[in-house]
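See below for the structure under consideration.
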Amino acid sequence: MTERTCLTVVLAAGEGTRMRSSLPKVLHPVAGVSMLAQVLAAAPHGAGQRLAVVIGPGRDDVAAEVRQARADAAICVQRDRLGTAHALLTAADEIGRGADDLIVVFGDTPLISSTTLTRLREPLAQGAAVVVLGFRAVNPTGYGRLLAEGDRLIAIREHADASEQERAIALCNGGAMAIDGRLALQLLQKIGNANAKGEYYLTDIIEIANQSGMKASFIETTEDEVRGINTKAQLAEAEAVMQQRLRQAAMEAGVTLIAPETVYLAADTKFGKDVVVEPFVVFGPGVEVDDGAVVHSFTHVVQAKIGKKASVGPYARLRPGTVLGEGAKIGNFVETKAAAIDAGAKVNHLTYIGDAHIGANANIGAGTITCNYDGFDKYRTEIGEGAFIGSNSALVAPVTIGAGGYVGSGSVVTTDVPADALRIERADQTTKDGWAKRFRETKMREKAARGSK
Ligand code: UD1
Ligand code: MG
C-alpha cells in the first residue's frame, strides 16, 4: 500500500449559495478550522502523495487557504460549474502526470478521516478500477443511490434521475471515490451530460467502468463521516458531530471534562496529562494546555499556551499570543493578549494585560491595566521578576517596571521604575473630623423641612 503513489483531487468550486453567506462554503469553519483545511488534512500526505484542489474563478481566499494548509497543492480553476466530472477534468493535467491511485473528495465533507481514505484505496490494489465510499442514509433524499450486486457496484443513480424503486434504496454515495490512476482519464472523458440536470456527473464513471469490463466496488462508512454541508443547519449538525468526537478524544487522552457537552474545542486543541476543564469553557483555534493545568468555568481561550499547573478563570479571556508559564494564575475578569506571563506570576482579578511580559512570581493587583494603545500604535510593557503592582494602577506603555519593583495602588506609571524601587503617585490626603456626621444631620434637617410643607 505505502509504495502506491496517489493524487488526491478535492472539488471545492462553487459559492455554496444555500449558505447565504459572503464567505465561500468551503471556508466555513467546523471546530475552528475551515471545512477545506480539514479535508486537506485528511488527504494522503508524504512522498508520492500529490494533491490538487479545484476552486471557482477569482477565489483568491480559497487559494490562500489551500496554500496555507498544503503549500505543495496544485490549484485548478473551474470556470463554469458544469458538474463533478467536469470539475475533476479541470485537473486533467495533474491526473495525466500519473499516479497509481486517484482519490476524489468533496471540499464540503469536513468529517471525513484519513483512515477511511486509506481504506477506500485498498480495493484498487486488488484490481478494482473504481471504489466508492457508501453509507446508509437515514433520509436518502438528494443523494446518489448505489445500485449494487454483492460487492460489485453496477451504477450510481442520482436522486433526480432515479425511479421510485431506486429511490427506496438507502445505500448512498458519500461523495469520495478512488479510481485507478492509469484508467481515470479514459473513463472520465467518456462521461456525457444527458441527465436531469444537464451536468457531467462523476457518478456515471461506474456504468462506464462496467461497460468496459472493469470492476467497480464500494466500501461503507457512517453517515456522520460523509455529511455534506450545504446549509447553515447542516454546518451546525457537523459541528455537533465534530465536538462530540473532540470531547471523546480529549477524555480518552486523560483530560477531565466535568460537563463535556458544555465545552467547545477546536480541531487543533492540544492537552497534556491531568488537565481539568470545568463546565462552559470555549477553546478557539491554536490552544495548548500543559500537564496539570486547570481551566475554570466561563473561560474563552484563543491561540494561547497554558503552562504546566497553571490556573485560568473563572471568567478569563486569553487572546492570541498569550503564553502562561508553569503555575501562573489568571483569575476572574482578566483579559490577556500577546502577553508572556512567566512561572508563578499572578494576575488574579479584573485586569487587562496586552503586549506585555510579566516576569516570574510577579503579582499584578486587581484592576491593573496595561495602556498599550494610543489610538495609532501599540506599545510594550515589561514587568520584572517578583515585581508587585498595586491595585488599580495604569501602566502607560512603553514602560518597564524593574525586577522586584513596587508600584503603589492607584498609580499612573508613565516612566520606567528601577528594580527594587517604589513608585507611588498620590495626592495629599486630608481628614476632616466630624464632617460626615454634620453632613448627615444637615441633609436630614433639609429633608424633614421639605416633608412638613
Ligand atoms: C454529489 C453526488 C451524489 C452524492 C453526493 C454526496 C454527483 C453527480 N453526485 O451530489 O451522488 O450522493 O454528492 O454528498 O457527483 N463541485 C464542483 N464543480 C461542479 C460541481 C460540483 O467543484 O461543477 C463540487 C462542489 O463544490 C461540492 C462537490 O463538488 O463540493 C459536490 O457537488 P454537489 O453539487 O454538492 O453534488 P451533490 O448534488 O451533493
Ligand atoms: Mg452536495
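Read the numbers this way: they start at 1 and go in the same order the structure lists the ligands and their atoms. Since this is a predicted model, take the numbers as computed values, not measurements. Along the sequence shown, residues are numbered consecutively beginning with 1.
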What is the nearest protein non-hydrogen atom to atom 23 (O) of ligand 1, stated with its residue, atom name and distance? G83 N, 2.8 Å

Atom 5 (C) of ligand 1 [closest protein heavy-atom partner, distance rounded to 0.1 Å]: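 Ranking protein heavy atoms by distance from atom 5 (C) of ligand 1, first comes N173 O, 3.9 Å.
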
Salt bridge (charged side-chain N to carboxylate O under 4.0 Å, His left out) pairs touching residues 344-359, sequence neighbours excluded, are K337-D355

Scan for salt bridge (charged side-chain N to carboxylate O under 4.0 Å, His left out) pairs involving residues 29-51, sequence neighbours excluded, and state none if there are none. R50-E94

In this structure, does ligand 1 have an atom that sits under 4.0 Å from one of the heavy atoms of [X]?
X	result
G228	no
T203	yes
H86	no

Test: D290 and K273 ion pair at under 4.0 Å: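 Salt bridge between D290 and K273, a charged N being under 4.0 Å from a carboxylate O: no.
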
Taking E207 first and then R157, would you say they form a salt bridge - that is, a charged N and a carboxylate O separated by under 4.0 Å?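 R157 and E207: salt-bridged.
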
Identify which of R81, M35, R157 has a heavy atom lying nearest to atom 25 (C) of ligand 1. R81

For [atom], is the nearest protein heavy atom closer than 4.0 Å?
atom	value
atom 30 (O) of ligand 1	yes
atom 39 (O) of ligand 1	no
atom 34 (O) of ligand 1	yes

So which bit of V226 gets within less than 4.0 Å of ligand 1, heavy atoms only: side chain, backbone, both or neither? neither

Given that the side chain starts at C-beta and the backbone is N, CA, C, O, which of these parts of E199 lies under 4.0 Å from ligand 1, counting heavy atoms, or is it both or neither? neither

